[in-house]
2 protein chains.
Amino acid sequence: MTITAAGVGSTTREAIAASARELFEERGFAATSVRAIAAGAGVDAALVMRHFGSKEQLFVEVVGASRGAGPELDGPLETLGRRLVEHVLDPERDRERRAYAAMVRASDHDGVRESLRQAARASFIDGLCALLPGPDASARAELIAAQIGGLMQAWPTVGVELLDTVGRQRVVELYGAAIQALVDSPTG
Amino acid sequence: MTITAAGVGSTTREAIAASARELFEERGFAATSVRAIAAGAGVDAALVMRHFGSKEQLFVEVVGASRGAGPELDGPLETLGRRLVEHVLDPERDRERRAYAAMVRASDHDGVRESLRQAARASFIDGLCALLPGPDASARAELIAAQIGGLMQAWPTVGVELLDTVGRQRVVELYGAAIQALVDSPTG
DNA sequence: GGGTGAGTGTCAACGGCGTTGACTGCGTCG
DNA sequence: CGACGCAGTCAACGCCGTTGACACTCACCC
């Protein structure tokens with residue numbers, strides 16, 4: 001069949017992808033079996049392999065959506081730190097945050113780790129690097145990415161606690177200032 | 001044999017632990033099989049289970065060594081950020097960094113994730129929290145831990161590149177300042 | 001209209017995995 | 001001596017990801 005006209009592919013392929021996305025984000029990579037994904041889509045496990053090649057490739061394809069550099073980079077440099085944190089902690093971005101956490105946790109597998117690194121580069125580091133002033137912009141962009149990654153990874157565990165004790169706004173303020181320290185490049 | 005004389009436990013138990021530590025840190029959790037660990041120690045896989053309960057428990061026990069709060073917290077508050085980064089990037093601490101990375105990657109498994117969280121709390125966050133001034137010291141300690149975690153996670157991938165381009169000292173300077181921003185608690 | 005070949009799907013099986021339970025030695029204690 | 005517990009092995013279980021053979025449909029072409 002493969003309707004290439006309007007861009008939609010086969011329906012069952014999408015069903016598999018949807019089932020996989022749901023299970024992966026809910027239970028993680030290791031705890032999700034190909035057979036469970038197939039059952040969720042109402043097909044045989046072998047069909048999953050035929051469509052996506054391997055469990056790892058399926059994971060990378062449905063969870064590691066390479067959303068391009070968002071609008072969070074636009075705006076004055078002086079408030080970039082705050083904006084980045086605000087973007088990362090945006091409640092509506094919960095799904096993306098859990099997807100990122102799922103990828104980090106699954107990065108025990110080489111393919112996932114590599115894909116994670118590439119996605120971070122393409123969707124964030126490169127854009128950020130172009131924005132930063134100074135000669136070591138690239139290094140600072142990497143370090144900012146490390147900060148953001150640390151926050152995204154920690155949030156599912158400590159986020160609710162922090163929201164209770166100090167509130168989102170204070171977290172944005174604090175962590176935003178910490179990131180801003182790298183944006184502003186201390187002359188040391 | 002079971003030499004109980006000098007307080008040392010059974011030799012084979014240690015052999016299993018040593019084999020496991022080596023394989024886990026070299027290949028990661030997922031790529032290391034219980035059978036391979038057992039073969040490395042010259043015993044049967046079932047014995048590994050009898051001694052350590054499960055692969056996950058074995059991993060937590062040998063990789064997640066709960067090294068207590070180190071001396072990196074001692075010293076003046078004004079240079080705490082730099083000292084933390086220096087400690088984390090210490091070339092001699094390579095083994096610990098890889099162990100941490102291995103744990104993060106294996107945190108797809110609930111027990112590992114929980115143990116990781118507890119280890120971070122016990123060996124770092126609590127001690128740090130006691131040091132920080134200000135009312136929201138606990139929250140800042142958590143956020144600093146997130147920064148440190150981000151750096152440790154990113155280092156195996158981007159570390160060598162950063163060493164080449166800007167050098168360790170500049171990284172310590174930059175990331176140290178970013179952490180210091182949370183130590184010093186902007187009044188916002 | 002009947003072959004042909006590609007796409008879609010199922011089924012049974014493979015080897016490897018973590019884990020378990022039954023079993024064998026063996027040193028120790030009563 | 002007999003009971004007991006510990007170290008260790010062995011064979012098996014059920015699940016896993018993955019594969020190859022097979023069936024069906026349907027467009028296409030002579």
Side-chain angles (χ1 to χ4, degrees), chain A residues 1-5 7-21 23-24 26-63 102 105-112 115, chain B residues 1-20 23-24 27-63 102 105-113 115:
Chain A
M1 195 55 71
T2 67
I3 307 168
T4 48
V8 296
S10 111
T11 306
T12 60
R13 197 191 145 92
E14 285 167 13
I16 292 172
S19 169
R21 189 163 9 238
L23 289 173
F24 278 145
E26 182 186 325
R27 309 182 191 175
F29 182 81
T32 300
S33 76
V34 172
R35 283 169 169 89
I37 293 169
V43 299
D44 189 90
L47 194 60
V48 176
M49 310 305 298
R50 198 177 291 285
H51 273 302
F52 293 90
S54 75
K55 182 189 178 184
E56 202 176 291
Q57 287 176 50
L58 170 59
F59 180 82
V60 166
E61 193 159 332
V62 304
V63 175
R105 285 175 194 157
S107 64
D108 210 354
H109 303 258
D110 297 345
V112 173
S115 152
Chain B
M1 197 54 70
T2 69
I3 308 168
T4 49
V8 297
S10 115
T11 305
T12 58
R13 195 190 145 94
E14 286 167 13
I16 293 171
S19 169
L23 289 171
F24 277 144
R27 310 182 191 174
F29 182 83
T32 300
S33 76
V34 173
R35 283 170 170 89
I37 294 169
V43 298
D44 189 89
L47 193 61
V48 176
M49 310 304 298
R50 198 175 290 287
H51 273 303
F52 293 91
S54 76
K55 181 189 179 184
E56 203 175 290
Q57 288 176 50
L58 170 59
F59 179 83
V60 166
E61 195 160 329
V62 303
V63 175
R105 283 174 195 158
S107 64
D108 210 355
H109 304 257
D110 298 345
V112 175
R113 189 160 59 251
S115 152

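No experiment lies behind these values; they were computed from the predicted model shown. Chain letters run A, B, ... following the sequence lines, proteins first, then strands; residues in each count from 1.
The line from CZ of A/Arg50 to CG of A/Asp44 is 10.0 Å long, rounded to the nearest 0.5 Å. Rounding to the nearest 0.5 angstrom, the gap separating the CD1 atom in A/Ile37 from the OG1 atom in A/Thr32 is 6.0 Å. Atom OG of residue B/Ser115 and atom CD of residue B/Glu61 lie 10.5 Å apart, to the nearest 0.5 angstrom. In this structure, A/Lys55 NZ and A/Arg35 CZ are separated by 11.5 Å, a value rounded to the nearest 0.5 Å.
Not counting sequence neighbours, the partners of A/Asp110 by the side chain to side chain donor-acceptor pair (under 3.5 Å) test are A/Arg113. For the ring pair (Phe, Tyr, Trp, His ring centres under 6.0 Å) test, no residue two or more places apart in sequence or in another chain qualifies with A/Phe52. Among residues two or more places apart in sequence or in another chain, the side chain to side chain donor-acceptor pair (under 3.5 Å) test is passed with A/Arg105 by none.
Only B/Arg35, listed by number, bring a heavy atom of residues 27-38 of chain B to less than 4.0 angstrom from any atom of DNA chain D. Within residues 39-50 of chain A, the residues that place at least one heavy atom under 4.0 Å from DNA chain C are, in residue-number order, A/Val43, A/Asp44, A/Ala46, A/Leu47, A/Arg50.
When the P atom of C/dA6 is taken as reference, atom NE2 of A/His51 falls 17 Å away, rounded to whole Å. Taking atom CZ on A/Phe59 and atom P on D/dG17, their separation rounds to 13 Å, with Å as the unit. Atom CZ of A/Phe52 and atom P of D/dT19 are 16 Å apart (whole Å). Taking atom CD1 of residue A/Ile16 and atom P of nucleotide C/dG7, one finds them 16 Å apart after rounding to whole Å. With rounding to whole Å, A/Asp108 atom CG is found 15 Å from C/dC17 atom P.
In this model, the phosphate group of D/dG8 is approached by a side-chain N or O of B/Thr12 to a distance below 4.0 Å at OP1 or OP2.
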Please step through side-chain contact (heavy atoms from CB on, under 4.5 Å) for the pair B/Leu58 and B/Met49, ending with a clear verdict. CA-CA 9 Å; B/Leu58 170 59; B/Met49 310 304 298; over 6 Å; no

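Under the 3.5 Å distance criterion, the side-chain polar atoms of B/Asp108 are left unmatched by any main-chain donor or acceptor of A/Gly28.
With axes fitted over five pairs at each extremity, the angle between the ends of the helix from C/dG1-D/dC30 to C/dG30-D/dC1 is 20° (10° resolution).
Considering all non-hydrogen atoms of both residues, A/Ser19 and A/Gly40 come closest at OG-CA, 3.6 Å.
Between B/Phe59 and B/Phe24, the angle of the ring planes goes over 60°, which puts this pair in the perpendicular group of the 30/60° scheme.
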